[in-house]
Amino acid sequence: KIMAMTNEQREAHDSTTSAKDKRKQRKELEAARREYEAKMAVLKAQEEGEAGKASVSHMVLPDYRSGRNEKDIHLRNISLSLDNGTPLLDNGELKLAYNRRYGLVGKNGVGKTTLLKAIAAFDIEGMPRHHRILHVRQELTPSGGEVSVLNAVLEADVERNTLMQEEKVLLKRLEAADGGGGDGGSAAAASGSASAVKEKLEKLKSVASDESFNADLKRLEEINNRLQILGSDSAESRASMILFGLQFTTAMIEGPTSALSGGWRMRVALAAALFIEPDLLMLDEPTNHLDLEAVLWLESYLRSYRHTVIVVSHDRSFLNEVCTDTIEFKDRKLNYYKGDYDTYVRTSEENVKNAMRVYQAYKDKREHMMEFITKFRASANRAKLVQSRIKAVEKMDLEAPDEPVVEQLWRFSIPNPGPLGRPIIAIDDVWFDYGGTQKPKEEWILQKVNFGIDLESRFGILGPNGAGKSTLLNLIMNRLTPNKGQISRNGNLRIGHFTQHSADKFDLQLSAVENMLNIFEKADDQGMRSWLGKFQIQGTDALKPMMMLSGGQKSRVAFSSLAYQSPHVIVMDEPTNHLDMESIDALVEAVQDFNGGLVVVSHDEHFITSTCKELWVVGNGVVTKCRGDFTEYKEETLKRTEKRIAESVKSLSAINN
């Protein structure tokens, strides 16, 4: 269990906090601790319940006998609560038009993931059960097993696999009744070919038999028709194409899922969902574990998706590319907007301005009428007019518009560094490979790299996974030493580093204040608490163990650590992963206002185009400056990806045949 306050925290506040405030703080920390432990117990129970399940997507089997086979979903007066009774949605309306792609947006903790889970589990009252619905979560529990990646994707389609098993049983039973011994039917089913089964089905139809035989025959025909709709004959090639699009190699596709890291297992889950091709596909932060090449392919794939999609994502450019509509989850309601994310932002801002104008007009008119009432209240000659105005004001107040709430945007700044003589960072003829000189030079991960970084540099580093982007960043930060060549750095240079894992560097048993004081030993307690307050980490939040903070709060502590360094150059590796929209916007503005150097590796198009002036591409051992802009790079990358997928699928088919 976590102590309410550590000894260090008590000592730090003995001289500055009254006994009453100390008791209040202890109570608040104790309440926060109990809340955290209850939350962890729920998460642990969920993990235990999911233990042993495959790490790919699974779907509740649809009931095609229910409903009128309508493709749109429209539910009124729906409510949703957490297990502890906290309401998330109150008399809301779920409206999903078929073949539209929705971006679901809202603040962290509003209930977006909970809503998707409830839809996928048919836990929402009135949810039509004839739809194939699938939710791909942000994180999955790792599972073992030696099943290949390709088979893991194929086996994820529960409906297809169930139908194929039933088809095999029916064929065997029908052939046995026909006196054929069952071998031909089993062979047809084993081939996985719907066309082979259809041919066998036509032969069986010519056989006259009893009522049971005919019932089995009818069911077999239904199964065969459904398998053809599901594209059963092309299942393996479709699965392979999707995996190649998500940047899997042939060796990875044929290898076991147990050999994959958590990020690649998430790609398997995403591939399985795309392969299943449900009527309603729900993706929860799908870009978190993807490189830029995979993100661009996924955008292209989803734009041509034949059914309905709901996406939760912090990636603004991804939402703009994919979504035709936006659903705002706010104040326990679902609000619907036509258009992509940027259109939603413009529309919602215009709605707020219009509401402000209406409210201001009401206030101005009321104030004018009240002036008349106050001025002539005591006048006998104007008594009727005054009474009339009083009634008019009362009526206005009953029909008065709500005062619009304009949310305050949180922003932070990174102190600008002082001047620094050149060279800041100079990279001259650098060669590097983890295998060292044992490999041929043409196979080294980085070969003869030359470029420099100064306080005006704004570099976006692009390239596929494994090309050497993170290796290049580690060389820049002096975490790796070149095998050949030289990297020169100014002796007074301070480099700030921010990654998707920056929050992981903290000791979560300690508070934000303690962690920061451990990193910056010359800082004092009061000054550090004031500094954290600028990042909205204040009061009890600054004193409780960091494991009790939300993901967004941990990110803000990481922002505060970056800014406190006052770096000359900031190096970022996938900085937007696990951040919400508000935090990303705050980071973008802070970096835009920062007068130092910047080197970024990111799959987030919006972040790169908003913060970087130059694009550099890492690939095939070389680092080259991109001649065009990001749009041109996207187009070229998609062309390369499509060509690689076609060649890889063809090669894999040749191997299997």
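- A donor-acceptor pair is defined here as one N or O able to donate and one able to accept, closer than 3.5 Å; no such pair exists between the side chain of D63 and the backbone of R129.
- Y305 and P278 get closest at one heavy-atom pair: OH-O, 2.7 Å.
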Side chain to side chain contact (heavy atoms under 4.5 Å, CB included), that's the test. Do D604 and I608 meet it? Break it down for me. CA-CA 6 Å; D604 190 322; I608 287 181; 5.9 Å; no
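- At least one test fails for R316 against the ring of Y341: distance under 6.0 Å to the centre or angle within 45° of the axis.
- Contact record, T287 with S313: OG1-OG, 4.1 Å, taken as the closest heavy-atom pair.
- Across all non-hydrogen atoms, the minimal contact from P286 to L270 is O-CD2, 4.2 Å.
- D340 and T343 share a donor-acceptor pair across their side chains, judged by distance under 3.5 Å alone.
- In terms of modelled atom types and a separation under 3.5 Å, the side chain of E285 and the main chain of H314 share a donor-acceptor contact.
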Applying side chain to side chain contact (heavy atoms under 4.5 Å, CB included) to L281 and T308, what does each step give before you reach the verdict? CA-CA 6 Å; L281 172 63; T308 309; over 6 Å; no
Which is it for D580 and S583 under the side chain to side chain donor-acceptor pair (under 3.5 Å) test, yes or no, and what are the steps along the way? CA-CA 5 Å; D580 57 18; S583 297; 2.7 Å; yes
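- In terms of modelled atom types and a separation under 3.5 Å, the side chain of S561 and the main chain of V557 share no donor-acceptor contact.
- Side chain of S610 to backbone of F607: no donor-acceptor contact under 3.5 angstrom is found.
- Residues E328 and K107 are not paired through a salt bridge, judged by the lack of any N-O separation under 4.0 Å between the basic side chain and the carboxylate.
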May I have the step-by-step check of ring pair (Phe, Tyr, Trp, His ring centres under 6.0 Å) for F535 and F559, ending in yes or no? CA-CA 8 Å; F535 296 81; F559 289 157; 7.5 Å; no
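- Checked by atom type and distance alone, the side chain of K333 pairs as donor or acceptor with a backbone atom of D90 at under 3.5 Å.
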Decide yes or no on side chain to side chain contact (heavy atoms under 4.5 Å, CB included) for E371 and E367, but give the supporting numbers first. CA-CA 6 Å; E371 285 177 1; E367 185 179 346; 4.0 Å; yes
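- Under a 3.5 Å cut-off, the side chain of S379 and the backbone N or O of F376 do not form any donor-acceptor pair.
- For the pair R556 and F412, the cation-pi test (distance below 6.0 Å, angle within 45°) is failed.
- Using a distance-only test at 3.5 Å, with no hydrogens or angles considered, no donor-acceptor pair links the side chain of T499 to the main chain of D573.
- With contacts defined as side-chain heavy-atom distances shorter than 4.5 Å, the pair R76/H74 qualifies.
- Looking at E407 and K330, a side-chain N of the basic residue comes within less than 4.0 Å of a carboxylate O on the acidic one, giving a salt bridge.
- The main-chain N or O of S511 is found under 3.5 Å from a side-chain atom of E514 such that the two form a donor-acceptor pair.
- In this structure, L334 and L94 approach most closely via the heavy-atom pair CD1-CD1, 4.2 Å.
- K338 and T347 share no side-chain donor-acceptor pair at under 3.5 Å.
- Remark: the S317 side chain and the N320 side chain contain no N/O donor-acceptor pair separated by less than 3.5 Å.
- Using a cut-off of 4.0 Å between Lys/Arg side-chain N and Asp/Glu carboxylate O, D525 and R529 are scored as salt-bridged.
- Taking every heavy atom of both residues into account, N515 and L510 meet most closely at ND2-O, 3.4 Å.
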M572 and L598: side chain to side chain contact (heavy atoms under 4.5 Å, CB included), yes or no, with the steps? CA-CA 8 Å; M572 295 184 162; L598 176 71; 4.3 Å; yes
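- R357 and Q360 form no side-chain donor-acceptor contact under 3.5 Å, judged by distance and modelled atom types alone.
- Looking only at distances, no side-chain donor or acceptor of W297 sits under 3.5 Å from a matching main-chain atom of L638.
- A cation-pi arrangement, defined by a distance under 6.0 Å to the six-membered ring centre and an angle within 45 degrees of its axis, is present between K95 and Y336.
- Across all their heavy atoms, P415 and A563 have their closest contact at CD-O, 3.3 Å.
- Between E321 and K634, at least one side-chain nitrogen of the basic residue sits less than 4.0 Å from a carboxylate oxygen of the acidic one, meeting the salt-bridge criterion.
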For R366 and D397, what are the C-alpha separation, side-chain angles and deciding distance, and is it a salt bridge (Lys or Arg N to Asp or Glu O under 4.0 Å)? CA-CA 9 Å; R366 188 184 191 282; D397 289 345; 2.8 Å; yes
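- The pair D279-R132 does not meet the salt-bridge criterion, since no charged nitrogen lies less than 4.0 angstrom from a carboxylate oxygen.
- Panel note: side chain S413, backbone A590; no donor-acceptor pair is recorded below 3.5 Å.
- The 12-atom threshold is exceeded at CD of E350, counting heavy atoms of other residues, nucleotides or ligands nearer than 6.0 Å.
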